[in-house]
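This one's a predicted model, so the numbers in the text were calculated from it and none came from an experiment. All values below come from the heavy atoms of this structure, side chains included, with hydrogens, waters and symmetry mates left out.
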Amino acid sequence: MSITQQYALDAYRARQHGEPVVPAPGAHDWQVMRELRDYQQYRAVLAGRPAHGRLRQALARRLRPRPTC
């Protein structure tokens with residue numbers, strides 16, 4: 001049974017039982033890849049290697065001293 005056939009069967013069963021339909025295969029692939037990259041960068045920081053990309057920017061914002069008025 002292919003992924004598409006399994007999804008169709010799961011969606012049919014969910015509708016029969018009044019449950020929410022599961023997301024289609026591949027619907028969240030890009031989000032998963034971004035989260036994996038962020039996690040790998042987080043692990044790199046813990047290991048003492050420099051961070052890159054979004055994680056580095058977030059850490060820089062967090063560690064930046066706040067201006068005093």
Next item on the list: Hydrophobic side-chain clustering at under 4.5 Å (ILVMFWY, transitive links): who's grouped with M1? Put none if nobody.
Entry: L9
Item checked: Residues forming a side chain to side chain contact (heavy atoms under 4.5 Å, CB included) with R34, sequence neighbours excluded -> W30, Q31, R37, R54
Item checked: Least distance between heavy atoms, P20 atom then A14 atom -> O-CB, 3.7 Å
Note to self: Using 0.5 Å steps for rounding, measure from the NE2 atom of H28 to the CD atom of E35.
What the structure shows: 10.5 Å
Next item on the list: Would you indicate whether L63, at its atom CG, is surrounded by more than 12 heavy atoms from other residues, nucleotides or ligands within a distance under 6.0 Å?
Entry: yes
Note to self: Between V21 and Y12, does the side chain to side chain contact (heavy atoms under 4.5 Å, CB included) criterion hold? Intermediate values first, please.
What the structure shows: CA-CA 8 Å; V21 179; Y12 172 77; over 6 Å; no
